[in-house]
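What you are looking at is a predicted structure, and each value in this text was computed from that prediction instead of being measured.
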Amino acid sequence: MPGSAQDSAHDWNRAASGPSRRTTVRAAGAAASAAFLLPLVSAAPAARAEQSRPDGGDGLQRAFAAAADEHGVPLSVLLGVAYLQSRWDGHGGAPSVTGGYGPMHLTDAHTALFRAPHHSEGTEDARGDLARPLRVPRTTVPEPRQLPARLRTLDQATKLTGLSAEVLRTDATANVRGGAALLAAEQKRLGLPLSEDPADWYAAVATYPGADSAEAAAAFADEVYEVIRGGAAHTTGDGERVALTARPDVAPDRRQLRTLGLPSAARDPRVEAPKSVSCEWIPAPYEQFGDNDYGNHDLGNRPQSQRIDYIVIHDTEGPWDTTIKLVQDPTYVSWQYTLRSSDGHIAQHVPLKDVAWHAGNWYVNAKSIGLEHEGFLTAPDAWYTEAMYRASARLVRYLARRFDIPLDRQHILGHDNVPGTTPATIRGMHTDPGPYWDWAHYFTLLGAPFRRTAGASGGLVTVRPDYDTHQPVYTDCDKPGQPCAPHGSSAVRLHTAPSEDAPLVKDIGLRPDGSDSTTGVNDTGARATTGQQFAVAGREGDWTAIWYLGQRAWFHNPERQPTAVHAKGLVVTPRAGATEVPVYGRAYPEKEAYPEGVPVQAVSPLPYKLLAGQSYPLGLRTPGEYLWATTFDPAGHRVVRGEDVYYQIQFGHRVAFVRAADVTVRRSGK
């Protein structure tokens with residue numbers, strides 16, 4: 001087939017973008033799935049529920065101390081378990097991805113399911129993906145007794161404390177008491193003493209998230225004890241400051257794990273993950289079907305064949321069970337890893353040498369690793385647990401070391417940072433993990449926190465709002481036009497002038513008609529996210545301007561509560577004499593580089609321009625490269641490399657590419 005058509009096949013059928021195979025099969029798979037948790041948290045409440053709190057600014061801290069004393073649980077153990085589940089946040093009484101409530105993540109999946117609005121079918125948004133997963137009819141919701149114990153720990157807490165389920169769901173103090181009661185009851189069930197030594201509680205801690213294997217239980221407990229040894233402090237969304245004093249001497253008795261009777265198996269030799277995480281092998285199928293079609297990934301020989309430059313962070317837009325079923329469908333798409341919210345357990349699906357179909361951009365697919373995190377973009381209070389954040393960070397650190405991938409936002413991308421490949425694909429690009437993913441916390445866990453690297457004359461800024469207190473209004477989480485629940489966000493909003501009343505900047509790729517960007521949670525047209533760097537284009541009072549999508553864009557950045565820090569680095573500008581430079585969504589070779597038998601791929605510019613006088617931070621340098629892989633037999637695959645060199649730049653919310661020959665590289669600042 002012609003080159004452009006062949007590339008389109010990659011970008012739409014195998015790249016998980018727009019109205020692709022992923023969209024249609026996801027809808028079908030969701031409808032057919034028996035996983036009743038699918039609609040758990042697909043819609044967040046329009047406003048946070050009222051959550052009572054003890055008197056005083058340290059009321060939650062006192063609540064933990066009182067509950068620990070009441071039930072004979074070491075305070076450090078109670079705080080450590082809660083930190084891994086919720087970072088001590090009650091999330092306004094809203095349920096987590098897996099139906100957990102409050103700081104202790106007491107699970108009540110049945111209630112969470114019924115509280116979510118029910119609709120007859122899902123809808124599609126601008127991502128070309130289900131805006132919300134399909135609802136399960138009420139008649140198919142399992143009775144509480146049918147749910148596994150790990151999804152109804154709130155019932156157990158009700159029996160142990162005598163408190164009502166509603167109080168345990170909505171009152172933080174009661175919720176903490178319920179969690180302490182569960183830990184104490186488990187310690188007694190195991191025949192272990194209510195010891196004051198946190199080291200004696202390893203088995204009870206390991207059982208708390210309801211892990212289904214010894215490895216997952218141990219990984220969760222090990223992470224809790226790492227928090228206990230290192231200490232932690234956090235201010236919740238309700239303004240409560242909670243702290244766990246470090247206990248570096250605590251050495252838990254890991255032999256207790258044998259008393260749990262959980263199934264255990266030697267790690268599959270195909271698993272590629274650090275030993276410090278729980279990871280199993282659930283392979284994505286490589287199968288032929290239909291008319292010369294196959295799925296759901298391509299066999300490869302990376303990094304010998306192609307360098308791996310990117311790790312792409314996704315969210316699943318569905319629960320664990322459904323996601324695992326879908327990745328095992330040969331007619332669906334694929335990714336390398338799925339991470340579970342409740343305990344951080346990981347499943348690997350595709351060997352790292354092979355190319356998964358996940359990013360919506362074939363060039364990025366060929367040079368990346370995809371991680372899907374159990375969660376929902378449009379449900380801000382269906383939180384990503386600390387257990388999942390920490391397991392993901394351990395995995396990414398391992399991958400970065402193995403493939404020499406820098407730990408920065410030019411290489412660790414959200415799916416929402418991956419560019420469209422042509423003007424026609426921009427509107428269909430996905431927007432997960434969205435503005436509620438805590439990039440600052442994630443990079444702190446990666447050991448690469450975002451810090452100031454220059455003075456005011458450095459010429460760049462690194463976006464870094466305070467996640468918990470920075471709560472811009474988003475809309476469309478539940479219903480069009482309605483505000484989402486107030487929630488911390490990693491993104492700042494960009495205006496055409498230094499004023500909140502000024503219009504948002506335009507994205508002509510998303511809206512060719514020139515209409516304004518919106519506050520929609522899936523609208524990335526006027527959004528800069530934590531860790532991204534931009535060149536300073538001006539300052540006025542409490543506002544900073546940056547170069548963004550070929551225009552000057554302003555964001556609120558007051559000195560007393562900054563949303564960005566000063567930085568310096570290399571930037572690209574149009575070469576001397578050029579008034580504008582084309583921008584690309586992929587770095588493909590020039591036509592002369594293609595050997596006989598490999599169709600030439602069009603190098604199609606995006607509708608944006610890098611204009612004279614503007615500058616954009618340089619992310620990485622790469623040769624033009626294209627993976628030709630359209631046959632089931634990998635012997636027919638070819639990697640085409642050209643003489644053209646490209647620079648990746650932070651051009652807007654998404655990265656982009658420019659030809660090195662079109663630009664000049666210089667240092668930022670004065």
Side-chain angles (χ1 to χ4, degrees), residues 17-18 125-129 310 312-315 359-361 364 377-378 408-421 423 425-440 450 460-465 470 472 474-476 489-496 503-512 515-535 537 544-556 563-564 583-586 606-610 614 616-617 619 648-658:
S17 174
D125 65 1
R127 295 187 304 150
D129 198 358
Y310 308 107
V312 181
I313 305 300
H314 306 254
D315 74 35
N361 180 313
V364 175
L377 184 159
T378 59
D408 58 39
R409 292 287 275 116
Q410 290 79 28
H411 298 81
I412 312 299
L413 304 177
H415 198 178
D416 53 349
N417 306 134
V418 175
T421 55
T425 65
I426 292 174
R427 296 191 66 189
M429 295 304 292
H430 291 203
T431 61
D432 59 298
Y436 303 123
W437 180 265
D438 192 344
W439 285 107
F450 303 121
L460 301 179
V461 288
T462 302
V463 177
R464 198 191 68 179
H470 179 67
Y474 293 99
T475 57
D476 309 334
S489 172
S490 59
V492 297
R493 193 156 284 144
L494 303 172
H495 296 262
T496 57
L504 298 177
V505 296
K506 301 177 187 294
D507 184 334
I508 60 171
L510 284 176
R511 293 180 174 82
S515 57
D516 292 337
S517 299
T518 72
T519 59
V521 72
N522 282 302
D523 190 340
T524 61
R527 187 184 298 173
T529 303
T530 293
Q532 292 180 332
Q533 288 188 336
F534 295 91
T544 299
I546 57 176
W547 294 118
Y548 183 94
L549 294 179
Q551 61 199 306
R552 186 179 272 108
W554 295 85
F555 68 98
H556 194 228
T563 54
V583 176
Y584 304 93
R586 51 196 175 187
L606 300 178
Y608 316 105
K609 300 291 185 182
L610 196 169
Q614 299 180 1
Y616 293 85
Q648 178 191 303
I649 59 173
Q650 188 66 60
F651 190 62
H653 184 75
R654 302 179 189 272
V655 299
F657 300 92
V658 292

Taking the side chain as every heavy atom from C-beta outward, state whether [X] and [Y] have any atom pair closer than 4.5 Å.
| X | Y | result |
| --- | --- | --- |
| Thr518 | Leu504 | no |
| His495 | Phe555 | no |
| Asp432 | Asp416 | no |
| Thr421 | Tyr584 | no |

Distance check, rounded to the nearest 0.5 Å: [X] atom [atom1] versus [Y] atom [atom2]?
| X | Y | atom1 | atom2 | answer |
| --- | --- | --- | --- | --- |
| Ile508 | Leu549 | CD1 | CG | 8.0 Å |
| Thr431 | Asn522 | OG1 | CG | 3.5 Å |
| Leu510 | Ser515 | CG | OG | 9.5 Å |
| Ile313 | Trp439 | CD1 | CH2 | 5.0 Å |
| Thr530 | Phe450 | OG1 | CZ | 7.0 Å |
| Ile546 | Leu460 | CD1 | CG | 10.5 Å |

Take Val658 and Ile649 through the test side chain to side chain contact (heavy atoms under 4.5 Å, CB included) and record every step on the way to the result. CA-CA 8 Å; Val658 292; Ile649 59 173; 4.0 Å; yes
Could you walk me through whether Trp554 and Thr496 pass the side chain to side chain contact (heavy atoms under 4.5 Å, CB included) check? CA-CA 6 Å; Trp554 295 85; Thr496 57; 6.0 Å; no
[X] side chain vs [Y] backbone, donor-acceptor pair below 3.5 Å:
| X | Y | result |
| --- | --- | --- |
| Ser490 | Asp438 | no |
| Gln551 | Ala553 | no |
| Asn361 | Pro419 | yes |
| Asn417 | Val655 | no |
| Gln614 | Gly550 | yes |
| His470 | Ala491 | yes |

Working for side chain to side chain contact (heavy atoms under 4.5 Å, CB included), residues His415 and His314: CA-CA 6 Å; His415 198 178; His314 306 254; 3.0 Å; yes
Nearest atoms (heavy-atom pairs only) where [X] meets [Y]:
| X | Y | result |
| --- | --- | --- |
| Leu377 | Pro433 | CG-O, 4.0 Å |
| Val312 | Gly414 | CG1-C, 4.1 Å |
| Ser489 | Pro472 | CB-CD, 3.7 Å |

Asp507, Leu494, Thr529 screened by side-chain contact (heavy atoms from CB on, under 4.5 Å) with His653, the one that passes: Thr529
Given Gln532, which of Arg654, Arg409, Gln410, Arg464 fulfils the side-chain contact (heavy atoms from CB on, under 4.5 Å) condition? Arg409
With sequence neighbours left out, what residues match Lys506 under side-chain contact (heavy atoms from CB on, under 4.5 Å)? Asp516
Test side chain to side chain contact (heavy atoms under 4.5 Å, CB included) applied to Trp547 and Gln650, step by step: CA-CA 10 Å; Trp547 294 118; Gln650 188 66 60; over 6 Å; no
For residues 519-535, the salt bridge (Lys or Arg N to Asp or Glu O under 4.0 Å) pairs (sequence neighbours left out) are Arg511-Asp523
Using the six-membered ring of Tyr474, assess whether NZ or CZ of Arg493 lies under 6.0 Å from its centre and within 45 degrees of the ring axis. yes
Tell me which one of Tyr608, Phe651, Tyr548, Phe657 satisfies ring-ring contact (aromatic ring centres under 6.0 Å, His included) with Tyr616. Phe651
